Amino acid sequence: MSDFFHRVYAVVRNIPEGKVCSYGAIARFLGSGKSARVVGYAMNASHLLDVPAHRVVNRNGLLTGKHHFDGNTLMQDLLAEEGIEVSDNQIIDLQKHFWDPSDFLNPSDFEFVTPYIPQDRKT
DNA sequence: GGATTGACCTAAT
DNA sequence: AATTAGGCCAATC
């Protein structure tokens, strides 16, 4: 696992309940503004960890990663439980629930983030 | 070990 | 305004 992934996980874990974030926002916050895709990839493996991956959506507020959850509406259901209205994989009030890490977190706090070593992961 | 592919985003046509 | 191309890091083939 790279440090980049750990930073991504750290940020995602800091997303408050009832809030969502976009891949790009996280990527930009971490310094690599163009690695939004990598953030998504990081999330792919995050389902084994204590990472609320359901709070990460794409820039349009679309639940692009819902397929990777069990069932078809699990992600939507999780968000709805936190008070986020979702309709047809689309968050209704995105800007209302949007949480920008750069507004609440300090990048320097993530330079010494403790790497999280997943157990269900191959060596 | 090279090539392809992702839960994406931005910039240039 | 809509489509295409490029880039990022890691994993899979």
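These numbers were taken from a predicted model, which means no experiment stands behind them. Below, chains carry the letters A, B, ... as their sequence lines are ordered, and counting in each starts from 1.
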Nearest-Å distance, [atom1] ([X]) to [atom2] ([N])?
{"X": "A/Phe5", "N": "B/dG6", "atom1": "CZ", "atom2": "C1'", "value": "11 Å"}
{"X": "A/Ile15", "N": "B/dA7", "atom1": "CD1", "atom2": "C1'", "value": "13 Å"}
{"X": "A/Arg37", "N": "C/dA5", "atom1": "CZ", "atom2": "C1'", "value": "12 Å"}
{"X": "A/Lys66", "N": "B/dC8", "atom1": "NZ", "atom2": "P", "value": "14 Å"}
{"X": "A/Leu62", "N": "B/dA7", "atom1": "CG", "atom2": "P", "value": "13 Å"}
{"X": "A/Met43", "N": "C/dC9", "atom1": "CE", "atom2": "P", "value": "17 Å"}
{"X": "A/Asn58", "N": "B/dT10", "atom1": "CG", "atom2": "P", "value": "11 Å"}
{"X": "A/Phe4", "N": "C/dG7", "atom1": "CZ", "atom2": "C1'", "value": "12 Å"}

Look at the side chain of A/Tyr41 and decide which nucleotide, out of C/dG7, C/dA11, B/dA7, has an atom nearest to it.
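It is C/dA11.
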
Nucleotide nearest A/Val38 when distance is taken to its side chain, options C/dA10, B/dA7, C/dC9:
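Output: C/dC9.
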
Any base atoms under 4.0 Å from A/Ala27, or only sugar-phosphate, or nothing? Heavy atoms, all strands.
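Touches nothing.
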
Reckon A/Asn44 touches a base, only the sugar-phosphate, or nothing at all at heavy-atom distances under 4.0 Å?
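A/Asn44: base contact, heavy atoms under 4.0 Å.
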
Say whether, by atom type as modelled, one donor and one acceptor occur between the side chain of A/Ser87 and the main chain of A/Gln90 under 3.5 angstrom.
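No; judged by distance alone, with no hydrogens or angles, the pair does not exist.
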
Quiz item: A/Tyr23 side-chain donor-acceptor pair to B/dA7 base, under 3.5 Å:
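Such a pair is found, so the answer is yes.
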
Are A/Arg59 and B/dT10 close enough that a side-chain N or O sits under 4.0 Å from OP1 or OP2?
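Yes, within the criterion.
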
OP1 or OP2 of C/dG7 versus the side-chain N and O atoms of A/Ser35: is any pair under 4.0 Å?
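No, A/Ser35 has no side-chain N/O under 4.0 Å of OP1/OP2 on C/dG7.
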
Using a strict 4.0 Å threshold on nitrogen-to-oxygen distance, state whether A/Glu82 and A/Lys19 make a salt bridge.
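Result for this pair is no, no salt bridge flagged.
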
Please give me the minimum heavy-atom distance between A/Pro52 and A/Val12, naming the atom from each residue.
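Where A/Pro52 meets A/Val12 most closely, the heavy atoms are CG-O, 3.4 Å.
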
Count I, L, V, M, F, W, Y as connected when their side-chain heavy atoms are under 4.5 Å apart, and connections chain through other members. Are A/Val86 and A/Leu62 then in the same cluster?
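Each belongs to a different hydrophobic cluster.
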
Linked, directly or transitively: A/Ile91 and A/Leu74 (ILVMFWY side chains, under 4.5 Å):
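Shared cluster, yes.
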
Pairwise P distance, C/dA5 and B/dT5 [rounded to whole Å]
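It works out to 15 Å between them.
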
